*Asks:* 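The structure under discussion is supplied below as structure tokens; questions concerning it will follow.
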Amino acid sequence: MTAWTGLNLIAELKPGHRVLVSAASGGVGSLAVQLAKAAGCHVVGIADSQAKCEWLESLGVTAVNYRDKDAAALTSALSEASPDGFDIYYENVGGPLMEAALANLRDHARIAICGLIDRYNATEPGGGPSNLNQLLFRKA
Ligand SMILES: NC(=O)c1ccc[n+]([C@@H]2O[C@H](COP(=O)([O-])OP(=O)(O)OC[C@H]3O[C@@H](n4cnc5c(N)ncnc54)[C@H](OP(=O)(O)O)[C@@H]3O)[C@@H](O)[C@H]2O)c1
């Protein structure tokens, strides 16, 4: 229900959209990638291990491994995975992943902010994405 609602009611998923999902192998993310694939979208999922990425690829999802990548390296990896950017970012994580996603938005993109798991155990405020201006530039 969480994945469906975020994709369809908040992000207005349509066939052919380019969709990015963070925490793509988790409970919510794994449903989000499969629902977006079933709707006929080009789907990119972010996960942290070879095994998780291989599982995502077996679903027809283009996988990006975020381990040992800072925001700049992630930005490049996402751009390679979807050179025309993303219409939808299904956000489960925040932090550097959000920064990389913001750098790869298409005009009028939508972001369904489902969760920000990167911060749940943090004891101090985080740095946050340095490029929130992309929301303005991309009319997201
Ligand atoms: N809005 C709502 O109604 C609602 C409902 C349910 C859940 N949520 C939110 O949805 C998100 C996912 O929940 P879930 O139930 O799917 O959790 P889950 O099954 O525990 O999966 C969470 C995934 O997050 C990834 N992760 C954890 N820490 C990370 C970090 N620092 N950077 C990047 N990835 C990280 C892990 O994947 P890797 O191994 O690939 O790192 C893990 O597989 C959470 O933010 C949760 O709060 C929201």
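Whatever order the structure lists them in is the order used to number ligands and atoms, beginning at 1. Treat the numbers as computed from the prediction; the structure is a model and nothing was measured.
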*Asks:* In the structure I gave you, are the side-chain heavy atoms of R67 and K52 within less than 4.5 Å of one another anywhere?
*Replies:* no
*Asks:* Examine distances only and state if a side-chain atom of S22 and a backbone atom of N92 form a donor-acceptor pair shorter than 3.5 Å.
*Replies:* yes
*Asks:* Which residue is it: I10, I111, V28? I am looking for the one with a side chain to side chain contact (heavy atoms under 4.5 Å, CB included) to Y90.
*Replies:* V28
*Asks:* Any atoms of ligand 1 less than 4.0 Å from a non-hydrogen atom of D118? List them with their elements.
*Replies:* 31 (N)
*Asks:* Could you tell me whether the side chain of N131 and the main chain of E99 form a donor-acceptor pair under 3.5 Å?
*Replies:* yes
*Asks:* Under 4.0 Å from a heavy atom of A47: which atoms of ligand 1 are those, numbered in the order shown and with their elements?
*Replies:* 40 (O)
*Asks:* Among protein heavy atoms, which lies nearest atom 32 (N) of ligand 1, and at what distance?
*Replies:* V93 CG1, 3.4 Å
*Asks:* Please tell me if the side chains of L78 and L20 come closer than 4.5 Å, counting only heavy atoms from C-beta onward.
*Replies:* yes
*Asks:* Taking side chain to side chain contact (heavy atoms under 4.5 Å, CB included) as the definition, give me every residue that meets it alongside N121, ordered by chain and number, with sequence neighbours left out.
*Replies:* none
*Asks:* For Y66, counting its heavy atoms only, list the atoms of ligand 1 lying under 4.0 Å from any of them.
*Replies:* 29 (C), 30 (C), 32 (N), 33 (C), 34 (N), 35 (C), 38 (P), 40 (O), 41 (O)
*Asks:* Which ligand 1 atoms does G26 reach within 4.0 Å, using its non-hydrogen atoms?
*Replies:* 16 (O), 19 (O), 21 (O), 43 (O)
*Asks:* Which residue supplies the protein heavy atom nearest to atom 20 (O) of ligand 1, what is that atom called, and how far is it?
*Replies:* I117 CD1, 4.9 Å
*Asks:* For Y120, counting its heavy atoms only, list the atoms of ligand 1 lying under 4.0 Å from any of them.
*Replies:* 44 (C), 45 (O), 46 (C), 47 (O)
*Asks:* If you count the atoms of ligand 1 from 1 in the order shown, which ones are under 4.0 Å from a heavy atom of A23?
*Replies:* 23 (C), 24 (O), 25 (C)
*Asks:* Quick check: V28 and ligand 1, any N/O pair under 3.5 Å apart?
*Replies:* yes
*Asks:* Specify the protein heavy atom at minimum distance from atom 2 (C) of ligand 1: its residue, its atom name, and the distance to 0.1 Å.
*Replies:* T2 CG2, 3.9 Å
*Asks:* Using non-hydrogen atoms of the residue, decide whether L116 is closer than 4.0 angstrom to ligand 1.
*Replies:* yes
*Asks:* For S79, which residues count as a side chain to side chain contact (heavy atoms under 4.5 Å, CB included) partner, sequence neighbours excluded?
*Replies:* N104
